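Atoms within a ligand are numbered from 1 in the order they appear, just like the ligands themselves. Please read these numbers as outputs of a predicted model, since none were measured by experiment.
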Amino acid sequence: MSKTATLEIDGQKYEFPLITGTENEVAIDVKTLRGATGGITTIDPGYKNTGSCESGITFLNGEEGILRYRGYAIEDLAEKADFLEVAYLLIFGELPNKEQLDKFHADIKEESVVDDDIKKILDAFPKAAHPMGVLSSLTSALTAFNPSSVNVDSEEDMYKTVVKIMGKFPVLVAWTMRKKSGLPLNYGDNSLGYVENILKMMFEKPNEEYKQNEILVNALDKLLILHADHEQNCSTSTVRIVGSSHAGLFASLSSGISALWGPLHGGANQAVLEMLEAIKEDGGDTKKFMAKAKDKADPFRLMGFGHRVYKNFDPRAKIIKVAADEVLGDLGIEDPVLDIAKGLASEALSDEYFVKRKLYPNVDFYSGIIYRAMGIPVEMFTVMFALGRLPGWIAQWKEMRARKEPIGRPRQVYIGENYRAFKALDKR
Ligand code: SDX
């Protein structure tokens, strides 16, 4: 591979360095393009061909369906690690030893109380408010109660801010769900594991002792690991660009939650369940919905299908599909919607429209089936995605700040009106 790329414009040649990553990905470094060419820039709506950064956190290979966190295969992590270990790995770069993991968890527990005035903000929301909007607001509000979290100039201050949000975010998630279901706001039990405690906070009833269910703990732990990071996706890029202005971590996370909310991104897991339910209500005629998905005149898309990067099976979808069978089997649940999902997937995987466009089930296609089996309301599905993605967002934000990356400020090509003289009101 040569070291440079040559661009020729009107007979003038410009050379730009090629950079190669540790997995042999190659990029043209165009940092000097505008200066060298007297103002010419690039344009790439949706950044389909444009890298925003060099990162050492997550590696994806969309053609081969590979996903690794800090070099570890997602299949190994989902099978052999727990979510807190994976969070530590993503944020600090190495799998923790027992002492490091115990200290991380202890420091998180120290921070697992939120200021009671947060409840006043939560109270102000109507019950009908979408949980993602509530969570985004409460996360941003955390800055007001923890102003020191904005300063992360030292490793120590950064660590303190990390454990603050790792401790408080699950409380906000649980309270967001309990607000919707009209349950009193509670705290967990610091003698429990991180994920056990989340389930207790989410589901505990005020008048009975909460009984842990290992099936649910293991299922949620695996789902959170599978959602923990995914390189420069829409919400992570949002967290990075907001953080590049030196806004605080909590404000940056709040913006990432808003980006994840969209049905083309994390909101797809809710949209998948709503779509499968609609197919079931409609008599289970998957062919009708496939036709709608292929009809350009119809805005309907097969939710949970397709991916910007994966042009092969999303490795997470493969793992979640197996887990869905296991969890429903272990819980003794017969969910016709899972059968509809499987039918839809096998039809799409042999349909020329989907095959030609390399549209495969993605992480959102089966995850909602497990969340529903766990008793999580469908409007909370994307909140669960955010809970999993939290350590990835933190890791990416921390990397961006540690590398002292410049403020994100893309260019544009102006296509509006040329100069025109002002017209007085009575002349218009
Ligand atoms: C996530 O980026 C990440 O890593 C995200 C994520 C993460 O972990 O952070 O993996 C999580 O967001 C997963 C994706 C969840 N979204 C959905 O399931 C929504 C349905 N999927 C699509 O909207 C779409 O596939 C996207 C948004 C996921 C990807 O869109 P792209 O890469 O911009 O592709 P495109 O819209 O240009 O589509 C290419 C073609 C088009 O047809 P043509 O114009 O070539 O004829 O494929 C078609 C699209 O119409 N197409 C679909 C389709 N997805 C793409 N047609 C029907 N159903 C679909 N789902």
Side-chain angles (χ1 to χ4, degrees), residues 44-52 55 57-63 65-69 74 78 86 90 132 223-240 256-276 279 286 288-320 341 344-345 347-349 351-369 381-382 384-393 395-396:
D44 185 19
Y47 312 111
K48 295 191 176 187
N49 307 280
T50 301
S52 61
S55 176
I57 299 169
T58 291
F59 172 66
L60 300 187
N61 177 314
E63 283 64 38
I66 294 173
L67 171 57
R68 297 188 200 128
Y69 297 159
I74 192 65
V86 171
L90 285 167
M132 285 296 273
L223 282 169
L224 295 178
I225 289 172
L226 293 169
H227 286 81
D229 194 51
H230 216 240
E231 54 131 284
Q232 305 312 316
N233 59 84
C234 178
S235 54
T236 299
S237 299
T238 303
V239 169
R240 283 183 82 120
I257 294 165
S258 297
L260 188 71
W261 190 357
L264 295 188
H265 190 14
N269 59 14
Q270 173 179 344
V272 167
L273 238 295
E274 289 163 350
M275 172 186 75
L276 294 172
I279 294 172
T286 50
K288 180 173 150 188
F289 284 80
M290 290 281 288
K292 280 170 62 69
K294 297 188 284 189
D295 176 1
K296 290 301 166 199
D298 189 329
F300 175 79
R301 286 197 155 187
L302 204 57
M303 301 314 277
F305 255 80
H307 197 277
R308 172 62 56 76
V309 175
Y310 289 124
K311 301 307 172 191
N312 193 325
F313 237 91
D314 182 333
R316 302 166 296 177
K318 274 187 189 169
I319 298 169
I320 295 174
L344 209 49
E347 266 178 58
L349 295 176
D351 179 289
E352 197 266 335
Y353 172 96
F354 287 84
V355 172
K356 187 173 133 227
R357 291 167 179 79
K358 299 184 177 176
L359 303 175
Y360 290 88
N362 59 48
V363 66
D364 294 309
F365 189 63
Y366 294 106
S367 55
I369 289 162
F381 286 5
T382 313
M384 301 314 288
F385 193 142
L387 184 61
R389 186 53 52 91
L390 178 67
W393 284 335
Q396 298 273 349

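- Distances from atom 14 (C) of ligand 1 to the heavy atoms of Asn362, Leu302, Val363 put Asn362 nearest.
- Atoms CG and NZ, from Leu67 and Lys318 in turn, are 12.0 Å apart once rounded to the nearest 0.5 Å.
- Proximity to Arg357 (heavy-atom distance under 4.0 Å) selects the following atoms of ligand 1: 40 (C), 42 (O), 43 (P), 45 (O), 46 (O), 47 (O), 48 (C).
- Between Leu264 and ligand 1, at least one pair of N/O atoms sits closer than 3.5 Å.
- Taking atom 21 (N) of ligand 1 as the reference point, the nearest protein heavy-atom neighbour is Phe305 O, 2.8 Å.
- Given atom 57 (C) of ligand 1, the protein heavy atom at minimum distance is Ala293 O, 3.6 Å.
- Under the 3.5 Å distance criterion, the side-chain polar atoms of Tyr69 are matched with a main-chain donor or acceptor of Ile225.
- Proximity to Gly304 (heavy-atom distance under 4.0 Å) selects the following atoms of ligand 1: 17 (C), 18 (O).
- For the pair Met303 and Phe365, the tightest heavy-atom approach, listed with the atom from each and the gap, is O-CD1, 3.7 Å.
- Ranking protein heavy atoms by distance to atom 13 (C) of ligand 1, first place goes to Asp364 OD2, 3.5 Å.
- In this structure, the side chains of Phe305 and Met275 stay at 4.5 Å or more apart for every pair of heavy atoms.
- Put simply, atom 39 (C) of ligand 1 has no protein non-hydrogen atoms near it, under 4.0 Å away.
- Of all atoms in ligand 1, listed by their number and element, those nearer than 4.0 Å to a heavy atom of Asn233 are 2 (O), 3 (C), 4 (O), 5 (C), 9 (O).
- An N or O contact shorter than 3.5 Å is missing between Phe354 and ligand 1 by distance.
- Nearest residue to atom 8 (O) of ligand 1 from Arg301, Arg316, His227 is Arg316 (criterion: closest heavy atom).
- Some N or O of Arg389 is nearer than 3.5 Å to an N or O of ligand 1, by distance alone.
- In this structure, the side chains of Met384 and Asn269 stay at 4.5 Å or more apart for every pair of heavy atoms.
- Annotation: side chain of Arg308 is not in contact with side chain of Tyr47 (no heavy-atom distance under 4.5 Å).
- At a 4.0 Å heavy-atom cut-off, ligand 1 touches Leu359 through the side chain alone.
- Of all heavy-atom pairs between Leu90 and Ile57, the closest is CD2-CG2, 3.7 Å.
- Nearest to atom 4 (O) of ligand 1 among the protein's heavy atoms is His230 ND1, 2.6 Å.
- Considering backbone and side-chain atoms alike, Phe385 places every N or O at 3.5 Å or more from each N or O of ligand 1.
- In the candidate list Lys296, Arg308, Lys358, Lys296 is nearest to atom 43 (P) of ligand 1, counting heavy atoms.
- Of the protein's non-hydrogen atoms, His265 ND1, 3.7 Å is the one closest to atom 11 (C) of ligand 1.
- The shortest contact between atom 34 (O) of ligand 1 and any protein heavy atom is with Lys48 NZ, 4.1 Å.
- Proximity of Tyr353 to ligand 1, defined as any heavy-atom pair under 4.0 Å, is confined to the side chain (atoms from C-beta onward).
- Using a non-hydrogen distance threshold of 4.0 Å, Gly46 does not register as a contact of ligand 1.
- The atoms of ligand 1 that sit less than 4.0 Å from any heavy atom of Met303 are 18 (O), 19 (C).
- Heavy-atom proximity to Ala268, at under 4.0 Å, picks out these atoms of ligand 1: 15 (C), 16 (N), 17 (C), 18 (O).
- Residue His307 has at least one nitrogen or oxygen atom sitting less than 3.5 Å from a nitrogen or oxygen atom of ligand 1, judged on distance alone.
- Between Ile74 atom CD1 and Phe59 atom CZ the span is 14.0 Å, to the nearest 0.5 Å.
- Residues Glu231 and Thr236 are not in side-chain contact: their nearest non-hydrogen atoms beyond the backbone lie 4.5 Å or more apart.
- Not a single heavy atom of Lys294 sits closer than 4.0 Å to an atom of ligand 1.
- Between Asp351 and Lys294 there is a side-chain heavy-atom pair separated by less than 4.5 Å.
- The shortest side-chain heavy-atom distance between Val309 and His230 does not fall under the 4.5 Å cut-off.
- Shortest contact from atom 28 (C) of ligand 1 to any protein heavy atom: Gly306 O, 3.7 Å.
- Not a single donor-acceptor pair under 3.5 Å links the side chain of Asn362 to the backbone N or O of His307.
- A side-chain donor-acceptor contact under 3.5 Å links His265 to the backbone of Ser235.
- Checking only distances, Lys311 never comes within under 3.5 Å of ligand 1, N or O to N or O.
- Between the side chain of Asn312 and the backbone N or O of Glu63 there is at least one donor-acceptor pair closer than 3.5 Å.
- Considering only heavy atoms from C-beta on, Phe313 comes within 4.5 Å of Leu349 through its side chain.
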